[in-house]
**Q** 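Take this structure, written in structure tokens, and hold onto it; I'll ask about it next.
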Amino acid sequence: MNLKKTWNKKYGKSEMITKDNSPCKMVEIDMVKLHDGEKKVYNEENKEYGLLILGGKCTVTGKGFEFKNIGKRETVFDGAATSVYVPRNTEFTIEGSGEVSIAVCKCPTEKDFEAKLINPEDVVIKNLGKPGWEREAHFILDERVEADKIYIGEAFIEGGQWSSYPPHKHDDMNMPTEANTEEIYYFEYDKPQGFGIQKVYTKEGDIDETYTVKSGDFVEIPRGYHPFHTAPGYKAYMLWIMAGPVRGFYMTTDEDHIWLNK
């Protein structure tokens, strides 16, 4: 099983995660990179969207909304993100205002909501963890935005630290403790040679994968535990996209490591 994919950062639309090439079935991801004035139109049926601007500015226009020249950072390391929620069955256009890179996340839905702009000042920032697994977590398209399945945030992990640690999972529907939620990670680093290690494993052992991840890499997490470590000397950026019938952090910790939470 190969759960890793790599974006080559070429211009245009790159369909990275689809229902046909991934074990994840509740979320798809395109990476869109546009020149100034270049446009990309979306019109897919019964999908809600979360657009996350990685760097640059763009205008997003659809029926009943126009978000002009949005985006306040040049790279993912230049502050909090700008995001847009677009409801299902809504044709919309992304136009570059200068060069722009965007993660276009899509989830199937039968529900209707309103388009919403999430500005950097709307992002909730929390410092989480303990020494050894500390990270800065950004909650972006979360419970504050009405949506069906899609749930998006970012994390910034200093060199030598772990994230998604102690190892946790969210693949069983056992509310209010745990919800069945798929997740996908996308990585960038503050230096071009930066790297980290991503594991995905199940207690049963049917999944036991370990990947070296660099800028441009995705790792799919259809189920199982998924701890991540970034190499000393390199700051990691992690975009996380979760999708499931219950939005939020409902998870259980690996029993072997639960003592670390005490």
**Q** If you compare all heavy atoms of P167 against all heavy atoms of Y201, which two are closest, and at what distance to 0.1 Å?
**A** CB-OH, 3.3 Å

**Q** In the structure I gave you, are the side-chain heavy atoms of E158 and T230 within less than 4.5 Å of one another anywhere?
**A** no

**Q** Please report the interatomic distance CD1(I140) to CD1(I125), rounded to the nearest 0.5 Å.
**A** 9.0 Å

**Q** Check whether I221 and I197 end up in the same hydrophobic cluster, where Ile, Leu, Val, Met, Phe, Trp and Tyr are linked by side-chain heavy atoms less than 4.5 Å apart.
**A** no

**Q** Any non-hydrogen side-chain atom of K9 less than 4.5 Å from a side-chain atom of S215?
**A** yes

**Q** Less than 4.5 Å apart, any side-chain heavy atom of V84 and any of F92?
**A** no

**Q** Look only at the side chain of R247 and the backbone of E146, and say whether a donor-acceptor pair between them is shorter than 3.5 Å.
**A** no

**Q** Taking the ring centre of each residue, are H170 and F249 less than 6.0 Å apart?
**A** no

**Q** Would you name the heavy atoms of D171 and G224 that are closest together and state the gap between them?
**A**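 Looking at all heavy atoms of both residues, the shortest contact is OD2-N, 2.8 Å.
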
**Q** Can you find a pair of side-chain heavy atoms, one from S97 and one from T59, that are under 4.5 Å apart?
**A** yes

**Q** For the pair Y185 and S164, evaluate side chain to side chain donor-acceptor pair (under 3.5 Å) and give the outcome as yes or no after the intermediate values.
**A** CA-CA 11 Å; Y185 287 161; S164 303; 2.4 Å; yes

**Q** Around atom NZ of K25, are there more than 12 heavy atoms from other residues, nucleotides or ligands closer than 6.0 Å?
**A** yes

**Q** Between K235 and E136, is there a side-chain N and carboxylate O pair less than 4.0 Å apart?
**A**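 E136 and K235: not salt-bridged.
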
**Q** Are V213 and L3 in one and the same hydrophobic cluster, where Ile, Leu, Val, Met, Phe, Trp and Tyr link if side-chain heavy atoms are under 4.5 Å apart?
**A** yes

**Q** Is there a donor-acceptor pair closer than 3.5 Å between any side-chain N or O of T177 and the backbone N or O of M175?
**A** no

**Q** For Y250, is there any backbone N or O sitting under 3.5 Å from a side-chain donor or acceptor partner on E178?
**A** no

**Q** So, the side chain of K72 versus the backbone of T82: is there a donor-acceptor pair under 3.5 Å, distance only?
**A** no

**Q** Check the orientation of H257 and Y165. Use parallel for under 30°, tilted for 30 to 60°, and perpendicular for over 60°.
**A** tilted

**Q** One thing to verify: whether E209 and K4 come together as a salt bridge, which I'm taking to mean a side-chain N less than 4.0 angstrom from a carboxylate O.
**A**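 Judged by the 4.0 Å cut-off on N to carboxylate O distance, K4 and E209 do not form a salt bridge.
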
**Q** Taking all non-hydrogen atoms of both residues into account, name the closest pair between Q198 and P227 and its distance.
**A** NE2-O, 3.1 Å

**Q** For the atom pair CD (Q161) and CZ (F156), what is the distance rounded to the nearest 0.5 Å?
**A**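 One gets 15.5 Å once the value is rounded to the nearest 0.5 Å.
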
**Q** I'd like to know whether NZ of K130 has more than 12 heavy-atom contacts from other residues, nucleotides or ligands below 6.0 angstrom.
**A** yes

**Q** Report yes if some heavy atom in the side chain of E28 is under 4.5 Å from a heavy atom in the side chain of K19; otherwise report no.
**A** yes

**Q** As an exercise, state the distance from CD1 of I102 to CD1 of I70, rounded to the nearest 0.5 Å.
**A**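 Atom-to-atom, I102:CD1 and I70:CD1 are 7.5 Å apart.
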
**Q** Would V76 end up clustered with I152 when hydrophobic side chains under 4.5 Å apart are linked, directly or stepwise?
**A** yes

**Q** Is R144 reaching over with its side chain to a backbone N or O of F139, donor-acceptor style, under 3.5 angstrom?
**A** yes

**Q** For N89 and N46, indicate whether the former's side chain and the latter's backbone hold a donor-acceptor pair under 3.5 Å.
**A** yes

**Q** Please step through side chain to side chain contact (heavy atoms under 4.5 Å, CB included) for the pair C58 and I53, ending with a clear verdict.
**A** CA-CA 8 Å; C58 66; I53 300 176; 3.7 Å; yes

**Q** Can you tell me how far apart CG (N261) and CD1 (I258) are? Round to the nearest 0.5 Å.
**A** 6.0 Å

**Q** Determine whether F218 and M31 make a side-chain contact, defined as any pair of heavy atoms from C-beta on separated by less than 4.5 Å.
**A**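 SC-SC contact between F218 and M31 confirmed.
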
**Q** Kindly indicate, with the supporting measurements, whether the criterion side chain to side chain contact (heavy atoms under 4.5 Å, CB included) is fulfilled by T61 and E95.
**A** CA-CA 8 Å; T61 306; E95 181 177 356; over 6 Å; no

**Q** T253 versus L260: any side-chain heavy-atom pair under 4.5 Å?
**A**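 No, every pair of side-chain atoms sits at 4.5 Å or beyond.
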
**Q** At their closest point, which heavy atom of E134 faces which heavy atom of G129, and how far apart are they?
**A** CG-C, 4.2 Å

**Q** Counting only heavy atoms not in E45, do more than 12 fall under 6.0 Å of its CD?
**A**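 At most 12 heavy atoms, drawn from other residues, nucleotides or ligands, come within 6.0 Å of this atom.
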
**Q** Less than 6.0 angstrom from the centroid, inside 45 degrees of the normal: does K33 satisfy that with respect to the ring of Y11?
**A** yes

**Q** Using the ring of Y42 (Phe, Tyr or Trp, six-membered ring only), decide whether K13 places NZ or CZ under 6.0 Å from its centre and within 45 degrees of its axis.
**A**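 Yes, K13 and Y42 form such a contact.
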
**Q** Can any side-chain N or O of S14 pair as donor or acceptor with the backbone N or O of M16 at less than 3.5 Å?
**A**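 Checking the backbone N and O of M16 against the side chain of S14, no donor-acceptor pair under 3.5 Å is found.
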
**Q** Would you find more than 12 non-hydrogen atoms of other residues, nucleotides or ligands less than 6.0 Å from F195 atom CZ?
**A** no

**Q** Between D254 (side chain) and D256 (backbone), is there a donor-acceptor pair under 3.5 Å?
**A**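 Yes, D254 side chain to D256 backbone: donor-acceptor pair under 3.5 Å.
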
**Q** Determine the minimum heavy-atom distance between R73 and A81, stating which atoms define it.
**A**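 Nearest pair, atom of R73 first, then A81: NH2-CB, 3.4 Å.
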
**Q** Could you walk me through whether T75 and E188 pass the side chain to side chain contact (heavy atoms under 4.5 Å, CB included) test, one step at a time?
**A** CA-CA 10 Å; T75 77; E188 296 273 354; over 6 Å; no

**Q** With the threshold set at 4.0 Å, does a side-chain nitrogen-carboxylate oxygen contact exist between K5 and E220?
**A** yes

**Q** Using only atom types and a distance under 3.5 Å, with no angle test, would you say the side chain of E66 pairs donor to acceptor with the backbone of V60?
**A** no

**Q** If you look at every heavy atom in M238 and F187, which pair is closest and at what distance?
**A**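 In terms of heavy atoms, the two residues are closest at CE-CE2, 3.8 Å.
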
**Q** Would you give the length of the straight line joining atom SG of C105 to atom CG of L239, rounded to the nearest 0.5 angstrom?
**A** 6.0 Å

**Q** Between OG of S22 and CG of N2, what distance do you get to the nearest 0.5 Å?
**A**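 S22 OG to N2 CG: 10.5 Å, rounded to 0.5 Å.
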
**Q** Take K199 and T210 through the side chain to side chain donor-acceptor pair (under 3.5 Å) test and state the conclusion after the steps.
**A** CA-CA 4 Å; K199 283 194 63 66; T210 303; 2.8 Å; yes

**Q** Is there a donor-acceptor contact under 3.5 Å from the side chain of H229 to the main chain of G160?
**A**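 Indeed, once roles are kept as given, a pair shorter than 3.5 Å links the two residues.
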
**Q** Using the side chain to side chain donor-acceptor pair (under 3.5 Å) rule, take Y85 and E114 through it: C-alpha gap first, then chi angles, then the decisive distance, then the call.
**A** CA-CA 8 Å; Y85 175 80; E114 297 296 323; over 6 Å; no

**Q** Any chance you could lay out the side chain to side chain contact (heavy atoms under 4.5 Å, CB included) test for Y151 and E143, step after step, and finish with the verdict?
**A** CA-CA 8 Å; Y151 196 77; E143 297 96 333; 2.8 Å; yes

**Q** Do the charged groups of K203 and E255 touch, with an N to O distance under 4.0 Å?
**A** no

**Q** Do the side chains of I241 and V145 join up, straight or via other hydrophobic residues, at under 4.5 Å, putting them in one cluster?
**A** yes

**Q** A quick test of your reading: do over 12 heavy atoms of other residues, nucleotides or ligands sit less than 6.0 Å from NZ of K116?
**A**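 Check fails, neighbour count at 12 or below.
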
**Q** In terms of hydrophobic clustering (I, L, V, M, F, W, Y; side-chain heavy atoms under 4.5 Å; direct or indirect links), are W133 and W259 co-clustered?
**A** yes

**Q** Please examine the side chains of F65 and V86, heavy atoms only from C-beta on, and report whether any two atoms are closer than 4.5 Å.
**A**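 SC-SC contact between V86 and F65 confirmed.
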
